[in-house]
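What follows is a single structure, written as structure tokens, with notes after it.
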Amino acid sequence: MAAFAAHTSAASSHYLPPGTAILLRSRRRAFPTRVSCSAAAAGDKTVVIGVAADSGCGKSTFMRRLTSVLGGGAEPPRGGNPESNTLVGDTATVVCLDDYHSLDRAARKARGLTALDPRANDFDLMYEQVRAIKDGRAVDKPVYNHVTGLLDPPERVAPPRILLLEGLHPMYDERVRGLLDFSIYLDISDEVKFAWKIQRDLAERGHSLQSIKAIIEARKPDFDAYIDPQKQYADAVIEVLPTQLIPGDDDGKVPRVRLIMKEGVKHFAPVYLFDEGSTISWIPCGRKLSCSYPGIKFAYGFGAYFGHEVSVLEMDGRFDKLDELIYVETHLSNLSTKFYGEVAQQMLTHADLPGSNNGTGLFQTIVGLKIRELCEQIVAERDAMTADAVKV
Ligand SMILES: Nc1ncnc2c1ncn2[C@@H]1O[C@H](COP(=O)(O)OP(=O)(O)OP(=O)(O)O)[C@@H](O)[C@H]1O
Ligand SMILES: O=C(CO)[C@H](O)[C@H](O)COP(=O)(O)O
């Protein structure tokens, strides 16, 4: 068995400050019945999941992994607006919150506002429509057309089993936040965000280095004011930082990724490495996992994040061979998989997506499995309550 040692992580200022590591009791609860989230039944209500991140921070990539784990994938609505931002699948529908921009591109420009500014978004409508969907009613949702920069005629969204709300502000408005059954924040550090933007916008969109820098700088004050603070409300945060394995490296090619999981969230039992409640550092490289320079390092521990108890799983480095991932998977617990090797299988299925060889893909996949289980447990609980009500 690979060696591991007790370790105090060199953690960020939010959590794991020296001396605060604590042992927590397991919060696992027993749910007697397993209910498929894809088995829609009349009168069932929609489970709502929020995913917040800045533009270009991997929301679409995460949605592809998530809808695959949930089953049935998701496609743009058939026969609808070709510029629709919505994806519809058997189990989940993805709604992009850009559709709630209240000001089109020209109006924002005229008023000197960015799309991140709450004044450019209609939170009243967002709340009303998410609430209606959660209550099982279809809505006619606006469509923001990213090609023209205009607001197109609305499109109908029927209530799905799971509504994935992705965008800039799923946790900004208290009322919308209150409708979320689970929330995730993708926290990409400035260095990595810049590297990813350059990679995409320079290569695929023909932007210059100066214009990419200018766009990031122009959005930064509103990002800091309105987007970043949402992470305090998230049940899980996937944080992407430059590696610590190569001193001074910040091009984002080797990321250090942290999965920060809030303790005490209903239906969500955090994942752990080796031993729940311990503080662990693990270098899995050796006989069972190939690692080229700069290697791979995992860490696991406890701490505080914006005043909440959290557990943190960290991976620094890149996988060489995805088919060896099963070795890492067998050392992780509470993964909410349905069969041995499901994480590795999902990662191999989506090997072409960005982040598949590092902690971003691994932790996005794991969060997808946790969401699937959470949804199943919510449905089981509702069914039990309905059955009790019928008896009475
Ligand atoms: N895990 C990752 N590792 C490396 N690069 C990534 C990762 N995730 C995303 N990227 C890069 O960032 C770009 C944007 O990713 P994606 O389209 O998923 O983000 P987004 O948040 O949906 O963006 P937008 O809001 O602008 O549509 C990708 O083309 C890719 O270059
Ligand atoms: O942040 C964004 C998406 O998350 C976009 O900048 C926002 O939706 C405005 O879109 P466009 O730049 O196409 O007018």
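For ligands, and for the atoms within them, numbers begin at 1 and follow the listed sequence.
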Problem - Test: D187 and R258 ion pair at under 4.0 Å - result: no
Problem - Among F363, W196, F62, closest by any non-hydrogen atom to atom 8 (N) of ligand 1 - result: W196
Problem - SB check D323 K321 (cutoff 4.0 Å) - result: no
Exercise for the section: Answer with side chain, backbone, both or neither: which part of S55 has a heavy atom less than 4.0 angstrom from an atom of ligand 1? Expected result: both
Handout entry: Check ion pair E324-K288 (N to O, under 4.0 angstrom)
Key = no
Exercise for the section: Run the salt-bridge test on E309 and K262 with the 4.0 Å N-O cut-off and return the result as yes or no. Expected result: no
Practice task
Check each atom of ligand 1 against the heavy atoms of K59 and keep those under 4.0 Å away; list them by number with element.
Solution key: 18 (O), 19 (O), 20 (P), 21 (O), 22 (O), 25 (O)
Fill in the blank from the handout: To atom 30 (C) of ligand 1, the nearest of P354, G56, G167, C96 on a heavy-atom basis is P354
Practice task
State the atoms of ligand 1, each with its element, that fall below the 4.0 Å cut-off from a heavy-atom position in G355.
Solution key: 1 (N), 2 (C), 3 (N)
Practice task
Would you check if the distance from the ring center of F123 to the ring center of Y172 is below 6.0 Å?
Solution key: yes
Exercise for the section: State yes or no: are the ring centers of F274 and H331 separated by less than 6.0 Å? Expected result: yes
Handout entry: D140 and R156 ion-paired at < 4.0 Å
Key = yes
Handout entry: Sole candidate of K59, K193, K220 that passes salt bridge (Lys or Arg N to Asp or Glu O under 4.0 Å) when paired with D54
Key = K193
Exercise for the section: Quickly, which of E376, E373, E342 forms a side-chain hydrogen bond (donor to acceptor under 3.5 Å, both in side chains) with S336? Name it, please. Expected result: E373
Fill in the blank from the handout: ligand 1 to T360, heavy atom cutoff 4.0 Å, flagged ligand atoms 1 (N), 2 (C)
Problem - Sub-4.0 Å atoms of ligand 1 with respect to non-hydrogen atoms of S60 - result: 17 (O), 18 (O), 20 (P), 22 (O)
Practice task
Quick one, list the residues around ligand 2 where some non-hydrogen atom comes in under 4.0 Å, by chain and residue number.
Solution key: S55, D98, H101, R105, R108, A115, Y144, H146, L168, R219
Exercise for the section: May I ask you to check if ligand 1 and T61 share an N or O to N or O distance below 3.5 Å? Expected result: yes
Problem - Contact with ligand 1 for A53, non-hydrogen, under 4.0 angstrom - result: no
Problem - Check ion pair K134-D181 (N to O, under 4.0 angstrom) - result: yes
